[in-house]
Protein chains: 2
Amino acid sequence: MRHDSRLSRMLHVLIHMDRHEGAATSETIAAMLNTNPVVVRRTMAGLREKGYVRSEKGHGGGWTLGRPLSEMTLLDIYEAVGEPPVFAVGPACDQPACLVEQAVNAALSDAFEEAERLLLKRFGRVTLADIALDFDARMMRHAAQAHVASGCHS
Amino acid sequence: MRHDSRLSRMLHVLIHMDRHEGAATSETIAAMLNTNPVVVRRTMAGLREKGYVRSEKGHGGGWTLGRPLSEMTLLDIYEAVGEPPVFAVGPACDQPACLVEQAVNAALSDAFEEAERLLLKRFGRVTLADIALDFDARMMRHAAQAHVASGCHS
DNA sequence: TCATTCGCAACAACATAAGTTACAAATCTA
DNA sequence: TAGATTTGTAACTTATGTTGTTGCGAATGA
């Protein structure tokens, strides 16, 4: 696989759910994400455990938000999908006997850990509501664009 | 594979080469890295193109440093191995039509790009000589440790 | 009772770094 | 020149983790 897209997908879904009347089925969500319902259930299971979403079985069931978007950060969702490894690059060996390799690992892990701290700190400061707000702004621009494209210059 | 270890391996090798008399064969290097000579040639090809190492065929051939460790940064080597993707996490789709997904991608890529800039900036400030120096310090500590462990308390 | 929907296990597909095999080409030595 | 050494490279296999798929059980509501 190229990379892990669970975080991205979950953010996408949660914002759609916020704008969605009633429960969304795994089927509906799968269509949004261009995937299939089992993948949706599998990934959303982590969010359910943390209470970010709820699921109901049977007729009229599906997924609903467990709390407002303003009370979920990117960090929350990253943790809920299992805190997957952030980096695709890393050491050849975790506990090398070779002192050269130990020095190399130390230099690299210092750098990677600093970058990860920065990333997660930033994730912790961005709420899903922030992204939803940006979405609204994009909608406005998109509508304005369409208005101009339609030929109306009023 | 768990992750890309080319950068780590190349740093390891370059420091060994600096402490190595004459040319090191792919075979020798492969033994250091617990891999095989073809992997070594394949990975080192990138460093050769940039002039960080030279290779000679035939009897007495092998690999030599193309410049001192003080004139190579982690960033140089990262670039020489082909600037592999830093992150294992990313967007589900690169050019989404969905405006929600666009907003999500924007939020994530802002954060990832900031972290990557920090990482590469740091890579650019660390030379291989810095790591070699840390290796020397580790050697000292290691020797002292062995001395104490030997039972000598002088 | 039956359709709907989630839960979950098991397995296949896929992508990519790493490992392996095979052979050509270059270089040195005798 | 013959032969050993060593790199260069293509082609294929292996390993690992996410994603995709199938199948079936369980819960819920009409």
Side-chain angles (χ1 to χ4, degrees), chain A residues 1-10 12-13 17 20 22-49 53-64 66 78 81-94, chain B residues 1-10 12-13 17 20 22-49 53-64 66 78 81-94:
Chain A
M1 90 274 31
R2 182 138 128 280
H3 49 214
D4 188 324
S5 59
R6 282 173 290 187
L7 172 60
S8 155
R9 280 177 155 178
M10 289 303 96
H12 183 182
V13 166
M17 285 171 67
H20 191 274
T25 66
S26 302
E27 192 89 41
T28 307
I29 294 171
M32 289 174 192
L33 299 181
N34 287 304
T35 179
N36 76 61
V38 179
V39 172
V40 171
R41 291 187 198 112
R42 187 193 288 159
T43 311
M44 308 249 310
L47 308 204
R48 181 182 49 220
E49 273 173 31
V53 296
R54 280 187 288 265
S55 62
E56 297 287 345
K57 292 177 178 179
H59 228 115
W63 301 84
T64 48
Y78 168 71
V81 295
E83 308 186 57
V86 170
F87 297 107
V89 172
C93 172
D94 274 322
Chain B
M1 85 283 21
R2 183 139 130 277
H3 47 212
D4 189 323
S5 59
R6 282 175 289 187
L7 171 60
S8 156
R9 281 177 154 179
M10 290 301 97
H12 183 182
V13 166
M17 285 171 66
H20 192 274
T25 66
S26 303
E27 193 88 38
T28 306
I29 295 171
M32 290 174 193
L33 299 181
N34 286 303
T35 179
N36 77 60
V38 179
V39 172
V40 171
R41 289 184 201 116
R42 187 194 286 157
T43 311
M44 307 248 312
L47 308 205
R48 182 182 47 220
E49 274 172 30
V53 296
R54 281 188 286 265
S55 63
E56 296 288 344
K57 291 180 180 177
H59 229 115
W63 300 85
T64 48
Y78 168 72
V81 296
E83 306 187 58
V86 170
F87 297 106
V89 173
C93 172
D94 274 324

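Quick note: numbers below take in every heavy atom, side chains included, and nothing from hydrogens, waters or symmetry partners. Order of the sequence lines fixes the chain letters, A, B, ..., with proteins taken first and strands second; residue numbering starts at 1 for each chain.
Rounded to whole Å, atom C1' of C:dT5 lies 12 Å from atom CD1 of A:Ile29. The CG atom of B:Leu7 sits 11 Å away from the P atom of C:dA18 (whole-angstrom rounding). Atom P of nucleotide D:dT28 and atom CZ of A:Arg54 are separated by 15 Å, given to the nearest angstrom. Taking atom CE on A:Met44 and atom C1' on C:dT5, their separation rounds to 13 Å, with Å as the unit. A straight line from CG of B:Leu47 to C1' of D:dG8 spans 15 Å, rounded to a whole angstrom. Here D:dG17 presents its C1' atom at 14 Å from NE2 of A:His3, a figure rounded to the nearest Å. C:dA17 atom P lies 18 Å from atom CZ of A:Phe87, rounded to whole Å. Distance CG (A:Leu33) to P (D:dT18): 17 Å, rounded to an integer number of Å.
Not a single side chain to side chain donor-acceptor pair (under 3.5 Å) links A:Thr43 to another residue, sequence neighbours left out. In this structure B:Arg6 satisfies the salt bridge (charged side-chain N to carboxylate O under 4.0 Å, His left out) test together with B:Asp4, sequence neighbours excluded. Remark: A:Phe87 engages A:Phe112, B:Phe87 in a ring-ring contact (aromatic ring centres under 6.0 Å, His included) (not counting sequence neighbours).
Nearest-nucleotide positions on DNA chain C for A:Ala45 and B:Pro84 put A:Ala45 closer to the 5' end. Nearest-nucleotide positions on DNA chain D for B:Glu56 and A:Arg9 put B:Glu56 closer to the 5' end.
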* Take B:Thr64 and B:Val53 through the side-chain contact (heavy atoms from CB on, under 4.5 Å) test and state the conclusion after the steps. => CA-CA 6 Å; B:Thr64 48; B:Val53 296; over 6 Å; no
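Across D:dG8, C:dA17, D:dA11, the shortest atom-to-atom separation from the side chain of B:Asp4 is found for C:dA17. Among C:dA18, C:dG7, D:dT5, the nucleotide with an atom closest to any side-chain atom of A:Trp63 is C:dG7. The B:Lys57 side chain lies nearest to D:dT7 when the options are C:dT4, D:dT7, C:dA18. When the nucleotides D:dT7, C:dA18, D:dT21 are ranked by their closest atom to the side chain of B:Arg6, C:dA18 comes out on top. Distances from the side chain of A:His59 to the nucleotides D:dT28, C:dA18, C:dG7 place D:dT28 closest.
Side-chain N/O atoms of A:Ser26 include one lying less than 4.0 angstrom from OP1 or OP2 on C:dC6. Side-chain N/O atoms of A:Ser5 include one lying less than 4.0 angstrom from OP1 or OP2 on D:dT19. OP1 or OP2 of D:dG20 sits under 4.0 Å from a side-chain N or O of A:Thr35. The phosphate of C:dT4 (OP1 or OP2) has no side-chain N or O of A:Thr25 nearer than 4.0 angstrom. Between A:Arg42 and C:dA10 there is no side-chain N or O to OP1 or OP2 distance below 4.0 Å.
From A:Arg42, atom CZ reaches atom CG of A:Asn36 across 8.0 Å, with rounding to the nearest 0.5 Å. From A:Leu33, atom CG reaches atom OG1 of A:Thr28 across 11.0 Å, with rounding to the nearest 0.5 Å.
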Can you give each donor-acceptor pair under 3.5 Å made by side-chain atoms of residues 54-63 of chain A, sequence neighbours left out, with the distance rounded to 0.1 Å?
unit_1  : atom_1 : unit_2  : atom_2 : d
A:Ser55 : OG     : A:Arg48 : NH1    : 3.2
A:Trp63 : NE1    : A:Ser26 : OG     : 2.9

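Under the 3.5 Å distance criterion, with hydrogens and angles disregarded, no donor-acceptor pair is assigned to the side chains of A:Ser8 and A:Ser5.
Heavy-atom minimum distance, B:His12 versus B:Met32: CE1-O, 3.9 Å.
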Enumerate all atom pairs, one protein N or O and one N or O from nucleotides 21-24 of chain C, separated by less than 3.5 Å.
none

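In this structure, the helix from C:dT1-D:dA30 to C:dA30-D:dT1 shows an angle of 10° between the axis at its start and the axis at its end, each fitted on 5 base pairs and rounded to 10°.
Crowding of B:Glu27 atom CD: a count of heavy atoms from other residues, nucleotides or ligands under 6.0 Å not exceeding 12.
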